[in-house]
Amino acid sequence: MYTLKRTQTCGALRASDAGRTVILNGWVEARRDFGGVLFIDLRDRYGKTQVVFRPEVDAALAELAQSLRFEFVVAVRGVVKARPAEAVKKGMETGEIELEATGLEILNESKAPPFEVTDEAAASDEMRLKYRYLDLRRRPMQRNMVTRHRVLAAFRESMDAQGFLDLDTPILIKNTPGGARNFLVPSRLWPHQFFALAESPQIFKQLFQVAGMDRYFQVCKCYRDEDLRADRQPEFTQFDLEMSFVDEGDVQAAVEQAVSHVFQKVLGVTLPTPFPRMTYAEAMDRYGSDKPDIRFALHLVDVTDLARASAFRVFSEAVATGGIVKGLCVPGGGTMSRKEIDELTTWVKGVGAKGLVWLKGEGGTLGGGSAKNFSAEELAALRSRLGANDGDLLLFVADERGRCKVALGGLRTMLGQKLKLVKEGSWEPFWVVEFPMFEAGPEGRPQAKHHVFTSPMPDDVALLETEPLKVRARAYDLVLNGVELGGGSIRIHRKDLQRRVLAVIGLQEGDIRDKFGFMLDAFDYGAPPHGGIALGVDRFVMLLLGLDSIRDVIPFPKTQKGQCLMQSAPGGVIPKQLDELHIALKPAPEDGRAG
RNA sequence: GGGGGCGUAGCUCAAUUGGUUAGAGCAUCGGAUUGUCGAUCCGAAGGUUGCGGGUUCGACCCCCGUCGCCCUCGCCA
């Protein structure tokens with residue numbers, strides 16, 4: 001119990017409140033002591049208000065206020081006063097007033113915080129994660145969390161308006177190898193048996209369709225035990241939806257409506273719909289990426305034909321061994337230093353490419369770098385093919401097809417950011433469509449690129465057994481500003497086609513029965529045509545806020561090694577727990593990371 | 001598993017490229033200060049330079065190993 005319960009929040013008071021007696025509760029954000037008069041900035045989720053203590057108003061109170069320190073939690077009663085004209089703080093919502101204190105209750109003291117709880121993130125990621133509750137107290141993080149809430153609220157609003165049902169699915173499910181590595185949960189009641197944490201609600205949402213729950217959606221947690229990235233966490237959140245009696249266009253339209261609604265509600269931005277479509281083949285050829293940032297026009301240009309006959313062996317040999325040569329013309333990139341170009345080369349080699357060939361537009365032809373390896377005619381042809389001007393930088397990668405695209409596509413993205421080619425504040429969502437059904441696995445055997453329930457395009461079904469790698473899928477990814485927001489597909493709803501697809505990836509009848517038996521059984525009982533999609537909530541919020549790490553929009557994220565620095569999770573368990581689970585531990589690996 | 005960056009006071013950083021007493025700002029503590037809002041001024045305290053080993057007359061600096069944080073490739077249907 002405490003006596004001075006707040007009557008207002010710290011962001012509420014304005015000049016029109018002058019003369020009122022109110023009570024504020026909050027944290028001490030700043031303290032300015034003039035010996036006589038003492039100022040305190042009081043903060044809560046809603047804002048910040050200056051409190052002033054004066055000895056002439058209450059000497060004992062002013063003395064008590066001297067003991068206040070950063071992050072003390074206090075309750076202050078006082079009279080709202082208009083500030084003297086010269087003391088008005090511009091740019092502060094409550095800057096026209098201050099609270100002249102007549103009562104103070106220290107609700108809790110605080111140790112000196114390990115870092116300052118200020119708007120500027122002056123602390124390292126490590127400190128922020130260890131003391132996450134203090135990091136979250138900072139205004140920018142509070143803003144991020146509020147935005148996250150508003151995005152979720154707007155999404156649910158749109159889904160409800162479109163007639164979707166919010167239904168949940170189990171987190172503890174059966175382990176099915178393939179796809180992302182699962183987190184495993186041992187079963188106490190069934191010794192030697194394990195649950196897996198759901199990596200997505202995929203199977204269940206399809207079974208909802210079999211069950212007639214047309215138009216399902218959910219905001220759900222997903223778990224994948226894979227390596228982390230700036231935009232990947234082992235535990236993340238998806239907008240998940242699935243619909244019956246639909247084709248690609250219906251799912252995309254539903255998503256466009258929901259995404260547009262979120263943009264309108266959260267940013268006040270109107271997105272033109274429908275979103276443009278681009279085929280996977282075009283994305284890879286022109287951008288070297290299946291999630292290109294199309295906000296800047298920097299395209300990969302194929303010069304394989306020119307390279308084939310070149311005297312420059314780096315080019316001709318790459319082509320002779322079945323590779324390709326592609327180039328990128330960076331407008332104005334000629335000013336980049338040798339050192340900067342070397343950094344690009346280092347990166348390219350890091351992704352497995354052999355190297356980077358570079359030239360600069362100068363004197364009406366091309367010079368610098370590898371120019372001496374080409375004839376004048378070749379330089380002219382390259383310059384013309386890439387549309388280069390004097391002052392431009394030309395970058396080429398000659399390599400195996402996939403590596404070439406990945407290397408140049410990566411360079412394109414890096415240069416777009418480095419040279420600020422991107423129009424800030426622009427939003428260009430689009431769909432990448434016609435993904436390949438399969439990709440070559442380790443031993444050349446086709447693997448599902450999306451997942452095994454994805455339907456092939458009708459025109460390509462005949463190729464399933466003969467040229468599986470040429471079969472295109474009825475799959476689609478939603479891409480926004482170079483980020484893959486999510487992907488989905490029209491599913492296979494007929495058992496005969498499903499069996500053919502499973503056979504292509506080499507699953508034996510026994511395996512099929514073991515892994516997907518219940519799914520196929522369900523399809524025996526009238527599965528409707530259906531399809532859906534899942535979008536990454538964390539990435540979505542990150543994009544809306546213009547941030548570049550997913551960690552800043554997840555309240556309690558893990559480090560890149562998958563640890564929670566605040567809890568020190570994961571951690572060990574006591575022998576009794578292991579006994580109950582009938583689990584014996586093998587010796588820990590040498591790196592000493594065992595709990 | 002591979003490539004790269006970083007690790008120095010509670011926090012954020014510096015240390016003339018190997019030279020003897022490792023500095024600054026903020027925070028902390030003490031003092032001064034009656035209109036500030038990153039308050040100001042004076043003073044104090046604060047260090048196993050992530051950890052282990054090596055090279056050297058001498059190591060924050062060079063070498064090897066290791067741990068941690070970040071970026072990235074693989075991986076993530």
Side-chain angles (χ1 to χ4, degrees), chain A residues 29-41 48-57 62 69-71 81 83-92 94-95 98 100 111-131 134 176-182 199-200 202-203 222-234 236 343 346-353 403 406-407 410 413-414 435 437-439 441 446-454 473 475 484 487-489 505 534 536 548-549 551 558-561 563 565 590-593:
Chain A
E29 177 160 313
R31 170 181 184 280
R32 294 177 291 277
D33 183 357
F34 286 81
V37 64
L38 170 71
F39 298 101
I40 295 292
D41 287 344
K48 185 166 76 170
T49 301
Q50 173 167 284
V51 179
V52 55
F53 292 89
R54 298 171 182 286
E56 56 265 39
V57 172
R69 293 293 182 273
F70 286 118
E71 305 308 323
K81 299 252 170 147
R83 294 198 197 185
E86 65 277 12
V88 167
K89 178 74 173 170
K90 290 204 173 64
M92 183 176 174
T94 60
E98 62 193 2
E100 189 174 86
K111 295 208 298 189
F115 55 85
E116 295 166 66
V117 183
T118 58
D119 291 3
E120 303 76 34
S124 64
D125 281 16
E126 210 169 338
M127 294 302 294
R128 293 176 57 199
L129 290 176
K130 183 168 181 184
Y131 299 94
L134 293 180
T176 52
R181 186 179 296 114
N182 286 323
E199 64 190 56
S200 85
Q202 185 61 36
I203 290 171
C222 302
Y223 303 87
R224 297 181 185 175
D225 189 6
E226 298 289 349
D227 285 359
L228 284 69
R229 285 286 191 289
D231 62 352
R232 278 175 11 203
Q233 283 273 311
F236 64 102
E343 284 170 8
T346 303
W347 185 85
V348 164
K349 286 181 175 170
V351 300
R403 261 200 298 275
V406 169
T413 305
M414 289 167 62
F435 275 78
M437 263 302 267
F438 307 103
E439 57 194 350
Q447 295 178 343
K449 189 167 173 70
H450 188 55
H451 59 61
V452 296
F453 311 118
T454 300
E484 179 196 330
S489 64
I505 64 172
D548 47 26
S549 172
R551 288 187 299 275
K558 309 279 189 288
T559 69
Q560 194 168 38
K561 281 271 176 64
Q563 284 184 301
L565 292 182
E590 292 299 319
D591 65 10
R593 217 179 283 157

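Chain naming here is simple, since letters A, B, ... match the order of the sequence lines and numbering starts at 1 in each.
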Between B:C64 and B:G2, how far apart are the two P atoms, rounded to whole Å? 15 Å
Any base atoms under 4.0 Å from A:Lys89, or only sugar-phosphate, or nothing? Heavy atoms, all strands. base
Value in whole Å for how far the C1' atom of B:C13 lies from CZ of A:Phe115: 17 Å
With rounding to the closest Å, how many angstrom separate the C1' atoms on B:U72 and B:G25? 33 Å
Interface polar pairs with nucleotides 69-71 of chain B, N/O, under 3.5 angstrom:
| from | atom 1 | to | atom 2 | distance (Å) |
| --- | --- | --- | --- | --- |
| B:C69 | OP1 | A:Thr559 | OG1 | 3.1 |
| B:C69 | OP1 | A:Gln563 | OE1 | 3.3 |
| B:C69 | O4' | A:Glu126 | OE1 | 3.3 |
| B:C70 | OP1 | A:Gln560 | N | 3.2 |
| B:C70 | OP2 | A:Gln560 | N | 2.7 |
| B:C70 | O3' | A:Arg551 | NH2 | 3.1 |
| B:C71 | OP1 | A:Arg551 | NH1 | 3.3 |
| B:C71 | OP1 | A:Arg551 | NH2 | 3.1 |

B:A24 - base-pair partner by Watson-Crick or wobble geometry, distances under 3.5 Å: B:U12
Which base sits across from B:U36 as a Watson-Crick or G-U pair, both distances under 3.5 Å? none
Tell me, for nucleotides 23-28 of chain B in 5' to 3' order, what letter each nucleotide earns: B for a base near a protein heavy atom under 4.0 Å, S for only sugar-phosphate near one, - for neither? ---SSS
Contacts of type side chain to side chain contact (heavy atoms under 4.5 Å, CB included), residue A:Gln560, not counting sequence neighbours: A:Leu228
Tell me which nucleotide, if any, is Watson-Crick or G-U wobble paired with B:G43 when both distances must be under 3.5 Å. B:C29
Can you tell me how far C1' in B:A27 sits from the matching atom in B:G46, rounded to whole Å? 11 Å
Please state how far atom OH in A:Tyr131 lies from atom C1' in B:G10, giving the value in whole angstrom units. 9 Å
Taking any heavy-atom pair under 4.0 Å as a contact, classify A:Asp225: base, sugar-phosphate, or nothing. nothing
Would you indicate whether the side-chain heavy atoms of A:Leu38 and A:Arg31 approach each other to under 4.5 Å? yes
According to the Watson-Crick and G-U wobble definitions, with both distances under 3.5 Å, which nucleotide is paired to B:G68? B:C6
Looking across every strand, which nucleic acid part, if any, lies under 4.0 Å from A:Thr454 by heavy atom: base, sugar-phosphate, or nothing? nothing
Round to the nearest Å and state the distance from A:Arg32 atom CZ to B:C41 atom C1'. 17 Å
Of all heavy-atom pairs between A:Thr454 and A:Met437, which one has the smallest distance, and what is that distance? O-CE, 3.3 Å
Mind checking side chain to side chain contact (heavy atoms under 4.5 Å, CB included) for A:Ala534 and listing every partner two or more places apart, or none if nothing turns up? A:Gln238, A:Asp240
Rounded to the Å, how far apart are A:Phe34 CZ and B:U40 C1'? 7 Å
In whole angstrom, give me the gap between the P atoms of B:G53 and B:C60. 14 Å
Tightest non-hydrogen contact, residues A:Ala123 and A:Met127, listed as CB-CB, 4.2 Å
Taking the C1' atom of each, how far is B:C69 from B:C11, in whole Å? 16 Å
Please assess A:Arg224 against A:Arg232 for the test side chain to side chain contact (heavy atoms under 4.5 Å, CB included), listing each intermediate value before the final yes or no. CA-CA 10 Å; A:Arg224 297 181 185 175; A:Arg232 278 175 11 203; over 6 Å; no
Using atom C1' in both nucleotides, what's the gap between B:A44 and B:U49 to the nearest angstrom? 23 Å
Scan A:Glu98 against the nucleic acid and name what it touches under 4.0 Å (heavy atoms): base, sugar-phosphate only, or nothing. base
Residue whose closest nucleotide on RNA chain B lies nearer the 5' end, A:Ala30 versus A:Pro84: A:Pro84
Rounded to the nearest angstrom, tell me the gap between atom CZ in A:Arg31 and atom P in B:G38. 17 Å
Sequence-distant partners of A:Glu71, side chain to side chain donor-acceptor pair (under 3.5 Å), two or more places apart: A:Arg43, A:Arg137
Heavy-atom closest contact (A:Phe70 atom, A:Pro113 atom, distance): CB-CD, 4.3 Å
Using a 5.5 Å cut-off between ring centres and planes within 30 degrees, is A:Phe39 stacked on the base of B:U36? yes
On a whole-Å scale, what distance lies between the P atoms belonging to B:G23 and B:C70? 32 Å
Considering only atom C1', compute the distance from B:C63 to B:A22 and round it to an integer number of Å. 23 Å
Conformer about C1'-N of B:U49 - syn within 90° of 0, anti elsewhere: anti
Rounded to whole angstroms, how far apart are CZ on A:Arg403 and C1' on B:G74? 12 Å
Just how far, in rounded Å, is P of B:A39 from CG of A:Asp33? 12 Å
Euclidean distance, atom CD of residue A:Glu439 to atom C1' of B:C76 [Å, nearest integer]: 11 Å
Test item: A:Gln233 side-chain N/O and A:Arg551 main-chain N/O as donor-acceptor pair under 3.5 Å: no
Indicate, yes or no, whether a donor-acceptor pair under 3.5 Å links the base of B:C76 to the side chain of A:Arg232. yes
Need one value for A:Gly179: base, sugar-phosphate or nothing, where a base atom within 4.0 Å counts as base even if backbone is also close, heavy atoms only. sugar-phosphate
Do A:Arg83 and B:U36 share a donor-acceptor pair, side chain to base, under 3.5 Å? yes
What is the base-pairing partner of B:A59, counting Watson-Crick and G-U wobble geometry with both distances under 3.5 Å? none
Taking ring-ring contact (aromatic ring centres under 6.0 Å, His included) as the definition, give me every residue that meets it alongside A:Phe435, ordered by chain and number, with sequence neighbours left out. A:Tyr280
